[in-house]
Amino acid sequence: MRRFLCLFLLLGCLGVLAAAVPASAADSCEGTFAQRLRCWAQGMGDHTVAVTLDRKLAFNGDQADRAAVAATVLKHRHNLEVRVPAGATTDQGGTALLVLAGHRLVHPDARVTRLTQAQVTELRNAGACSPRPGDLCAVVGPKAGGPGYLTGRDLIGFEGIAALPQTEYSLAAQDDSGLGLKDWLLIGMTALLALLLAGFVLAVRRSSTPQPALAGAGTGHHRSADEPTVRVRAAAPRHARRPTGPTSTAVVRTDLHPQGYVELDRVLYRATWADPSRPPPAPGAKVDVTHPRDTDLLHAYPPQPTGPA
């Protein structure tokens, strides 16, 4: 029952954490150029998708895959907006995305990487550029003897490329209306997460706390209602014993009085001290453990010498 409760609380914590992830992190698109493009294209049919090229974007992935996704994007290019902020360098994937977009905003101090001739041909075949001379593909294509990039200042005003505003204003700093719905939702989820974590810690601590000894065991007095502890104490060997089956070496993590936890292969297991002739070892000590077939409880013994008996 305690294991089920702990698992339930842990799943609840994970659910709250997943719900509390900001939308920008949950909706991020990663992978090759084609994979990112396919991810962005999923929302273009219903609303505008804005992509800010604040870091370089490589033009990688399978060429056939890129062409197929580009054809889908071009059907809704009016819902794709690409922004290149000041100081950013697009790389060839970012330049290709700029060509595919229906709305282009470039800061004068941004750098737009030139495309190779093969990349220009690929975009033209996909229908991103017109075949006439002087189109955008030709402008951002290779230029012998020139730099490997164009500045935003060189492109603003060409083929619908607009200047990215250098100064932006926000109403958020002047908004005195208090907390919004999203703020209260985040606060509520944070409080719920704290309660779930507290319950999980409490459940784990209670499950790892040694049960009290039976006051009248063996004397005819009334037996305790804690049956698991009674059975463990009754089953404990009366004389020094040695393991009868295969053993593994584990590390004691909590006091074995008579039950506690040991670490085996980086996993914690419930164990009982099976040698009443010696006091249980302190946490950090090594013990030999066996796994009886009729129980999930490991039996811990003093470590045996490695040499011949």
Side-chain angles (χ1 to χ4, degrees), residues 27-166:
D27 298 335
S28 62
C29 298
E30 301 293 340
T32 63
F33 178 81
Q35 291 171 338
R36 292 175 184 266
L37 203 58
R38 181 178 290 106
C39 177
W40 291 324
Q42 293 177 356
M44 291 181 190
D46 301 325
H47 54 269
T48 299
V49 174
V51 180
T52 300
L53 295 173
D54 49 4
R55 56 175 173 152
K56 294 183 178 180
L57 177 62
F59 194 67
N60 52 8
D62 181 72
Q63 180 177 351
D65 195 17
R66 290 197 305 262
V69 182
T72 303
V73 171
L74 289 174
K75 295 179 182 179
H76 308 285
R77 67 187 310 177
H78 59 281
N79 281 339
L80 176 60
E81 178 182 292
V82 176
R83 299 185 172 199
V84 188
T89 301
T90 62
D91 205 358
Q92 294 170 335
T95 303
L97 186 65
L98 196 67
V99 172
L100 292 171
H103 304 281
R104 309 167 180 127
L105 298 171
V106 182
H107 193 278
D109 295 331
R111 292 185 177 186
V112 178
T113 307
R114 289 187 178 274
L115 301 176
T116 65
Q117 189 58 49
Q119 293 167 344
V120 170
T121 302
E122 180 179 335
L123 290 173
R124 280 180 174 165
N125 292 338
C129 292
S130 62
R132 62 179 175 80
D135 65 344
L136 182 58
C137 284
V139 172
V140 298
K143 182 178 180 180
Y149 63 90
L150 294 160
T151 65
R153 194 172 288 102
D154 299 329
L155 294 175
I156 292 174
F158 184 85
E159 290 279 338
I161 297 179
L164 187 67
Q166 301 186 35

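- Closest approach of Val84 and Ala110 over heavy atoms only: CG1-CB, 3.4 Å.
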Original post:
Can you check side chain to side chain contact (heavy atoms under 4.5 Å, CB included) on Thr48 and Asn79, steps first, answer last?
Top reply: CA-CA 4 Å; Thr48 299; Asn79 281 339; 3.8 Å; yes
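- Heavy atoms only, all atoms of each residue included: Pro142 and Val120 are closest at CD-CG2, 4.3 Å.
- Annotation: cation-pi pair Arg66/Phe59 present, NZ/CZ under 6.0 Å from the ring centroid and within 45° of its normal.
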Subject >> Candidate pair Arg124 and Asp135, rule side chain to side chain contact (heavy atoms under 4.5 Å, CB included), full reasoning >> reply: CA-CA 10 Å; Arg124 280 180 174 165; Asp135 65 344; 3.0 Å; yes
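- Proximity of a side-chain donor or acceptor of Asp91 to a complementary backbone N or O of Gly93 within less than 3.5 Å is not detected.
- Closest of all the heavy-atom pairs between Ala58 and Phe33 is O-CB, 3.4 Å.
- Residue Leu164 comes nearest to Pro85 through the heavy atom pair CD2-CA, 3.6 Å, listed as atom of the first residue, atom of the second, then distance.
- A distance of 8.5 Å separates CG in Leu80 from CZ in Arg77, rounded to the nearest 0.5 Å.
- Across all non-hydrogen atoms, the minimal contact from Pro108 to Ile156 is CG-CD1, 3.8 Å.
- Scanning for side-chain contact (heavy atoms from CB on, under 4.5 Å) contacts around Thr89 gives Lys56, Arg111, Thr113, with sequence neighbours left out.
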Original post:
Can you list the steps and then say if Val140 with Leu98 is a side chain to side chain contact (heavy atoms under 4.5 Å, CB included)?
Top reply: CA-CA 10 Å; Val140 298; Leu98 196 67; over 6 Å; no
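- Counting only residues at least two apart or in different chains, side-chain hydrogen bond (donor to acceptor under 3.5 Å, both in side chains) contacts with residues 141-151 comprise Thr151-Asp154.
- Distance check: Thr121 OG1 to Gln117 CD gives 4.5 Å after rounding to the nearest 0.5 Å.
- Remark: Arg114 pairs with no residue by the salt bridge (charged side-chain N to carboxylate O under 4.0 Å, His left out) rule, at least two apart or across chains.
- Within the 4.5 Å cutoff, no side-chain heavy atoms of Val49 are placed close to those of His76.
- Remark: side-chain polar atoms of Arg83 are not paired, donor with acceptor, to backbone N or O of Leu105 under 3.5 angstrom.
- The backbone N or O of His78 sits less than 3.5 Å from a side-chain atom of His103, completing a donor-acceptor pair.
- Atoms CG and CG, from Leu136 and Leu155 in turn, are 7.0 Å apart once rounded to the nearest 0.5 Å.
- Val82 approaches Leu53 most closely through the heavy-atom pair CG1-CD1, 3.7 Å.
- Residue Leu37 holds its CG atom at 6.0 Å from CE of Met44, rounded to the nearest 0.5 Å.
- Residue Thr90 holds its OG1 atom at 8.0 Å from CG of Leu115, rounded to the nearest 0.5 Å.
- Of the possible polar contacts, one joining the Arg104 side chain to the Val99 backbone as a donor-acceptor pair under 3.5 Å is found.
- Distance alone, capped at 3.5 Å, places no donor-acceptor pair between the Asp109 side chain and the Gly87 backbone.
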